[in-house]
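To start, the structure under review is shown below, and the notes come after it.
Remember, it's 1-based here, ligands and their atoms both numbered in the order they're listed. On a predicted model such as this, the values are computed, not experimentally measured, just so you know.
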Amino acid sequence: MTAIFSTQAVLNAMKSVLPQGHAFLPLHEPNFSGNEWLYVKECLDTGWVSSVGKFVDRFEDELAQYTKVKRAIAVVNGTAALHVCLLLAGVKADDEVLIPALTFIATANAVSYCGAVPHFLDSEESTLGVDPRKLAGYLEETAEIRPSGCYNRVTGRRIKAMVPMHTFGHAVDLDPLVEVCQRFDITLIEDAAESLGSFYKGRHTGQRGLLSALSFNGNKTITTGGGGAILTNDEELGRQAKHITTTAKVPHRWEFNHDMVGYNYRMPNINAAIGCAQLEQLSGFLAAKRDLAERYRQAFTGIPGIRFFSEPANSRSNYWLNTLLLDEECAGQRDALLEATNDAGIMTRPAWTLMHKLPMFNACPKMDLSVAESLEQRLLNIPSSVMLGAGLDHA
Ligand SMILES: *Cc1c(COP(=O)(O)O)cnc(C)c1O
């Protein structure tokens, strides 16, 4: 194989953007330069550390306001949020749920927790998310609409829901996906775990799904340590989400009554306190991340065979994890690049192993996955922490 770009040139481009004198630059470090200490101290001082408290209420209200949905329900992590989204959408054992092959394991696991079967979809290179046009063609061949819903002609199972994911904070092409879901009677749920602060045609991601999931894991744009949230514009589903994530306890002054099998998925107040402080800084975080992305874009311009992945048309990305994409002919150079950057103390990572290649999912139904397979070989995430960007107000 003849190398098209020199690994050294790419490394130099990265170094020109990144601060010097660090032993190691992780992919995404949390930043606690606001009121985190103050709010956590208040939890400890008052004893409100656990599953109810004013920070939980405040965090939920502020999340709903920011994302412009009717209800946000804070939970222990993004995987639990996805699980509850699927349950409340009516996903039952032995249903199929359409999800991208190129996603983090949580999307597929949440489907499995419902006893349902993930059915893997291909991605498009312009968004790194589900390709709506390819999907429409595939469903025309594979799916059949009956009075009780959409069915997979091959497996005979009902296709109840689809969970597209906004990869690395870049919005998937939602309008045509909403249209496909309506046409085939499939419920849309958004895995917006990576896309707090990302907008599609001016609307925050997570607004279009019947229910959507956010994550506040330690490596996400904002963090609560561990945490997640369910978003919905349906008041009744919002009420059910709160109920099922709080052990389905029927409110009463002293009696313990539960009207269904619920989950203990509540976000503790101490985590929500961190979340409130993080939300106060979100606009500064996003500005810093966009500044970093723009400097990366410029630094990689002109290097043949490699490009910085910029936000898709009609969307505004949070640039959660910055991404390099190698041309097809250069895919073989990826491992040398991973090695050189990690050796230099600059953390880089390849894409997730595609879901259908994992042992527990390799017998699941799937469409042609050629674009996802290609992206898997050509993707690279590079350091993306907010402190690497300018514009952060270190008050
Ligand atoms: C982070 C993430 C989740 C949720 O992860 P948790 O660690 O459970 O909060 C779900 N889906 C995707 C695509 C993610 O990146």
Distance-only check: which donor-acceptor pairs under 3.5 Å involve side-chain atoms of residues 38-52, not counting sequence neighbours?
residue : atom : partner : partner atom : Å
Y39     : OH   : N35     : ND2          : 3.4
Y39     : OH   : E280    : OE2          : 2.5
K41     : NZ   : D45     : OD2          : 2.7
E42     : OE2  : K54     : NZ           : 2.6
T46     : OG1  : E42     : O            : 2.7
T46     : OG1  : C43     : O            : 3.3
T46     : OG1  : W48     : N            : 3.4

List the atom pairs, donor and acceptor, that lie under 3.5 Å between side-chain atoms in residues 226-235 and the rest of the protein, sequence neighbours left out.
residue : atom : partner : partner atom : Å
T232    : OG1  : L210    : O            : 2.8
T232    : OG1  : D234    : N            : 3.1
N233    : OD1  : K70     : N            : 3.0
N233    : ND2  : Q207    : O            : 3.4
D234    : OD1  : E236    : N            : 3.0
D234    : OD1  : L237    : N            : 3.0

ask   = With a 6.0 Å cut-off on ring centres, are F199 and H204 close enough?
value = yes
ask   = Any ion pair linking E311 and R297 (charged N to carboxylate O, less than 4.0 Å)?
value = no
inquiry  = Considering only residues two or more places apart or on different chains, which pairs with a residue in residues 378-390 satisfy side-chain hydrogen bond (donor to acceptor under 3.5 Å, both in side chains)?
reply    = E125-R378, N322-S384, T323-N381, S374-R378
Under 3.5 Å, N/O to N/O: give me all the pairs between ligand 1 and the protein, one per line with atom names and distance.
residue  : atom   : partner : partner atom : Å
ligand 1 : 8 (O)  : G78     : N            : 3.3
ligand 1 : 8 (O)  : T79     : N            : 2.9
ligand 1 : 8 (O)  : T79     : OG1          : 2.5
ligand 1 : 9 (O)  : G78     : N            : 2.8
ligand 1 : 9 (O)  : S215    : OG           : 2.7
ligand 1 : 11 (N) : D191    : OD1          : 3.3
ligand 1 : 11 (N) : D191    : OD2          : 2.8
ligand 1 : 15 (O) : E194    : OE2          : 2.5
ligand 1 : 15 (O) : K220    : NZ           : 3.3

ask   = Would you say the side-chain atoms of S198 and H166 include a donor-acceptor pair closer than 3.5 Å?
value = no
